[in-house]
Amino acid sequence: MHSSFADQLAGLDLSGFSIGPAPVSSDDFPLREAVVQTLEAVWSDLFAMISGTALEADAEDLGWAFVNIFHRSAARKSTALDRATDEVRALIATADGSEVQTHELETQVERAQCAEAAMLALEEMREVAAALYLNEFGSSWKPVSSSRFNHSAMLTSALVEGRDFLRARAEAKRRAAMPEGTPVIFAGGRTRHATEADALAFANNVWATLDKVRDRVPDMVLIHGGDSKGADRLASSWAERRQVAQVTFSLDMRLGARAGFKRNERMLSLDPRYVVAFPGNGVLERLVIEAKARRITVVDRRGPLGTCPRSAAVAAD
C-alpha cells in the first residue's frame, strides 16, 4: 500500500495548481512583547499570592502546570495540522483536475496553514513561560510524557503548492524531533552532598565542563536521560540557559532491569562526539566502557564533586 501510494504521488501532474497566502499571518496573533509582559505579570502575581502560604510548597507544581497549558494547546494545534496534512495527501493522490477537487484541496491547505500559524504562536507563549519557570526554579521545563518541540525556525509559513507543503511538513517534523548538530551524551546519577557548598561545587563543575565541551563542539546537541532530580537536571538547565538543543532518552520501564542498558544503546547509536560522565551507577559505568570500545572520547568527571578522577588522585598523593 505504501509503495502504491508513493507511486500515485509521483505520477501526479500538479504543475498548474497553486495556492495563495494563508488566510492568517503572524500579524493576526499577539506580539511577542505583549506576550512577555502579560505572562510575566501573571506569573509574578500568582507566586506573590501564594508566597508565605501553605501552597508555597506546591509552587513548582503550579509553575509546571502554568507552562503546560500552552504546551498542550500547541500540541492540539499540531494534531490538527497533522490531520489537515493527511487530507492534503489524500486529495493529491486522488486529484482529477476538477474545479470542485481543486477548491477542496485549497481549503485543506489553508486549514493546515492556519493550524501551523496558531501552533507557532502557542509554542512561542510556552517558551516565554518556560523561561519564567527556569528563572524561578532553576531547572528546564519538560513535559511528562511527550517532547518539547519548537518549530519556530523549522516550518515554512509560505506554502504554495500541495506537494511542497507535504515535503516541508515532513522535513520540519524530522528536524524538530532531532535537531541538526553534533550529539554529545551527558550521563550522571543522583548524588547526595554533605553540605550546600559541596552541592554548589558539583553544580559548578557540571556547568564548567559542559561549557568547555561546547567550546570544542559549537553545534552540540545535548543527549541525556531527562532525570528531573539528578545530574541530568543540572545539564538540562545549562542547555536551556545556553540555548543548546537537547534530546532526552527516558527509561522504558517495560524492559525492567534492561531499561538502562537499552537506553545506553539508543544514545550511542547517535554516534556522539563525546560522552560526558559524572558519578552514577553501574549502568553509567557500562556506558563509559561501551563508549571507549567504540573509540568515542569520554570526558570523565566521576571524581569527587564531579572532578576528573586522575586530578583527584594526584591531589591525594
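Note that CZ of Arg76 and NE2 of His71 are 10.5 Å apart. Values are rounded to the nearest 0.5 Å. Considering CG of Leu222 and CE of Met220, their distance stands at 5.0 Å, rounded to 0.5 Å. Atom-to-atom distance recorded for Ser140:OG and Asp232:CG is 11.5 Å, nearest 0.5 angstrom. Separation of atoms CZ (Phe202) and CZ (Arg301) is listed at 12.0 Å; rounding is to 0.5 Å.
Every residue meeting the salt bridge (Lys or Arg N to Asp or Glu O under 4.0 Å) condition with Arg233, not counting sequence neighbours, appears here in chain and number order: Glu60. Residues passing the salt bridge (Lys or Arg N to Asp or Glu O under 4.0 Å) test with Glu104: none are found, sequence neighbours excluded. Under the salt bridge (Lys or Arg N to Asp or Glu O under 4.0 Å) criterion, Asp219 pairs with no residue at all, not counting sequence neighbours.
In summary, the side chains of Trp141 and Asn68 do not present any donor paired with an acceptor at a separation below 3.5 Å, with no hydrogens or angles considered. Using modelled atom types and a 3.5 Å distance limit, the side chains of His193 and Thr191 yield a donor-acceptor pair.
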Anything under 3.5 Å between a donor and an acceptor, one on a side chain of residues 258-282, the other on a protein residue two or more places apart or in another chain? List them.
| unit_1 | atom_1 | unit_2 | atom_2 | d |
| --- | --- | --- | --- | --- |
| Arg263 | NH1 | Phe249 | O | 3.2 |
| Asn264 | ND2 | Val283 | O | 3.1 |
| Ser269 | OG | Arg266 | O | 2.5 |
| Asn281 | OD1 | Val283 | N | 3.1 |
| Asn281 | OD1 | Leu284 | N | 3.2 |

Donor-acceptor pairs are to be reported for all side-chain atoms of residues 35-50 against protein atoms at under 3.5 Å, with residues two or more places apart or in another chain.
| unit_1 | atom_1 | unit_2 | atom_2 | d |
| --- | --- | --- | --- | --- |
| Thr38 | OG1 | Ala34 | O | 2.8 |
| Trp43 | NE1 | Glu136 | OE1 | 3.2 |

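Using a 4.0 Å cut-off between charged side-chain N and carboxylate O, Arg83 and Glu87 make no salt bridge.
Around CZ of Arg216, the count of heavy atoms belonging to other residues, nucleotides or ligands within 6.0 Å does not exceed 12.
Evaluation of the side chain to side chain donor-acceptor pair (under 3.5 Å) test over residues 244-256, restricted to residues two or more places apart or in two chains, returns His224-Gln246, Ser236-Gln246, Asp252-Arg254.
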